[in-house]
Trainee: 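Please find one structure pasted underneath; my questions will follow.
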Amino acid sequence: MAKKIILDCDPGHDDALAMTLAVANPAIDLLAVTTSAGNQTPDKTLNNAMRMLTLLQREDIPVASGNQTPLVKPLETAPEVHGETGLDGADLPDPDFAVQKMTAIELIAKTLRENDDQVTLVVTGPMTNAALFLRVYPDLARKKIDQIVFMGGAMGLGNWRPSVEFNIFVDPEAAKIVLNFGIPLVMAPLNVTHKAQIMKDEIEAVKEIKNPIGQAFYGLLSFFEQYHENPKWGFTGAPLHDPCTIAWLIDPTMFKTDKMNVDVETQGDLTRGETVCDCYRLTGKPVNTEVLLDIDRPRFIRLIMDSLKSFD
Ligand code: BDR
Ligand code: CA
């Protein structure tokens, strides 16, 4: 049976690819999409999610917009990574369907109530909507969400501050609520997503996928790759962060993982938003997270190529 998921995202190039993997693969049943403020302002991330679902011809999937700002901090976006629209690099169709007349957390609640099965919440942006949902609907969450699979954080790395990853940086207080709530977590940190690179020649191979989705991703990935060319990163391609979440749900054997307690620093001048991963179990705090640490990159890229080709 297909795994039922709700995708809470801030598209974002890699969010858009995560959504596309979810739509393309029969192992996943994408029940709803909710959007958060993160890579761009909330109006833009909502519009991008709807433009992507229009491109994918999945206007039947309900979309709702969530938080306008993080819980405590002012919103900081990432136009240098994702451009002014949040999805620069391709001409995407304007949305040809209506947004739900409810908030993200209301759509999550409705979706969970309408489904007898348990549902996985996948978060590929800041955790603001997830935290709000857990605060407003804790019983429904405990009953109906089997796990929260998220891209965010790192063990000893950072891409926005020396030890802080962007999604957790944007809303550390929300991440703290989610990580300490008690629902099992699966975390795709920078340690694995930096290994999940798509190389330039592989982006050129996407150009040869002649359907509209392949053509759109050729433009999107070419744009996204440019930011990562700066030698400071030491990349040879572009890290596909968010698709790691969906790839793990489709085929967890692609990954090596370890289980540990993960919490979030919300106080430090230098470290606010750092995920603290207790890999040697020094704290005695409960093991709350399965952390993805390594990936079979060729298989991951094959999954992406096959998914894009499936729209032929
Ligand atoms: C995360 O930040 C965003 O820019 C990406 O979409 C990804 O979710 C990587 O740090
Ligand atoms: Ca994202």
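Only this structure's heavy atoms are used, side chains among them; waters, hydrogens and symmetry mates stay out. Order of listing sets the numbers, starting from 1, for every ligand and every atom in it.
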Trainee: Establish, from distance only, whether the side-chain atoms of S36 and N67 form a donor-acceptor pair under 3.5 Å.
Mentor: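 No, N67 and S36 have no side-chain donor paired with an acceptor closer than 3.5 Å.
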Trainee: Any heavy atom of H13 sitting closer than 4.0 Å to ligand 1?
Mentor: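 Contact check H13 vs ligand 1: negative.
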Trainee: Please name all residues satisfying salt bridge (Lys or Arg N to Asp or Glu O under 4.0 Å) with D117, sequence neighbours left out, ordered by chain then number.
Mentor: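 Salt bridge (Lys or Arg N to Asp or Glu O under 4.0 Å) check on D117 returns K4.
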Trainee: Would the distance check show the side chain of E202 and the main-chain N or O of M199 forming a donor-acceptor pair, the cut-off being under 3.5 Å?
Mentor: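 Yes, E202 side chain to M199 backbone: donor-acceptor pair under 3.5 Å.
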Trainee: Taking 4.0 angstrom as the limit and counting only heavy atoms of N159, give me the atoms of ligand 1 inside it, by number and element.
Mentor: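 It comes down to these atoms of ligand 1: 9 (C), 10 (O).
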Trainee: Where on V81 is there a heavy atom closer than 4.0 Å to ligand 1, on the side chain, on the backbone, on both, or on neither?
Mentor: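 Looking at V81 and ligand 1, no heavy atom falls under 4.0 Å.
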Trainee: Strictly under 3.0 Å of the Ca ion (ligand 2): which protein N/O/S atoms qualify?
Mentor: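 Listed by chain and number, the nearby protein N, O or S atoms are D10 OD1, D15 OD1, D15 OD2, T124 O, D242 OD2.
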Trainee: For D171 and T128, test the side chains for any donor-to-acceptor distance below 3.5 angstrom and give the result as yes or no.
Mentor: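 T128 and D171 do have a side-chain donor-acceptor pair below 3.5 Å.
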Trainee: What residue pairs, at least two apart or across chains, pass salt bridge (charged side-chain N to carboxylate O under 4.0 Å, His left out) with a residue in residues 244-254?
Mentor: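 Counting only pairs at least two positions apart or across chains, the salt bridge (charged side-chain N to carboxylate O under 4.0 Å, His left out) contacts touching residues 244-254 are D251-R299.
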Trainee: Without hydrogens or angle criteria, can the side chains of E204 and Y218 be said to hold a donor-acceptor pair below 3.5 Å?
Mentor: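 There is such a pair between these side chains.
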Trainee: Let me confirm one number: the NZ-CD distance from K3 to Q118, rounded to the nearest 0.5 Å.
Mentor: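 These two atoms lie 7.0 Å from each other.
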Trainee: Quick one about D14 and H241 (side-chain donor to acceptor, distance below 3.5 Å, no hydrogens or angles considered), yes or no?
Mentor: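 No pair is found: no donor N or O on one side chain lies under 3.5 Å from an acceptor on the other.
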Trainee: What protein heavy atom lies closest to atom 1 (C) of ligand 1? Include the residue and the distance to one decimal.
Mentor: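 The protein heavy atom lying closest is E165 OE2, 3.3 Å.
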Trainee: Less than 4.0 Å is my threshold; does some heavy atom of D242 fall inside it relative to ligand 1?
Mentor: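 D242: in contact with ligand 1 (<4.0 Å).
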Trainee: What part of T124, side chain, backbone, both or neither, has a heavy atom within less than 4.0 angstrom of ligand 1?
Mentor: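 Answer for T124: backbone.
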Trainee: Using only heavy-atom distances, determine whether the side chains of T275 and D263 contain a donor-acceptor pair under 3.5 Å.
Mentor: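 No - no donor-acceptor pair under 3.5 Å links their side chains.
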Trainee: Need the ligand 1 atom indices (1-based, order shown) with element for anything under 4.0 Å from a heavy-atom of F166.
Mentor: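 Checking each atom against F166, I get 2 (O), 3 (C), 4 (O), 10 (O).
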Trainee: List in chain and number order the residues that pass side-chain hydrogen bond (donor to acceptor under 3.5 Å, both in side chains) with S222, two or more places apart in sequence or in another chain; answer none if no residue qualifies.
Mentor: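 None.
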Trainee: Give the residue, atom name and distance (to 0.1 Å) of the protein heavy atom nearest atom 3 (C) of ligand 1.
Mentor: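 So the nearest neighbour among protein heavy atoms is N39 OD1, 3.1 Å.
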Trainee: Considering the heavy atoms of D14, write down every atom of ligand 1 situated less than 4.0 Å from one of them.
Mentor: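 Close to D14: 5 (C), 6 (O), 7 (C), 8 (O).
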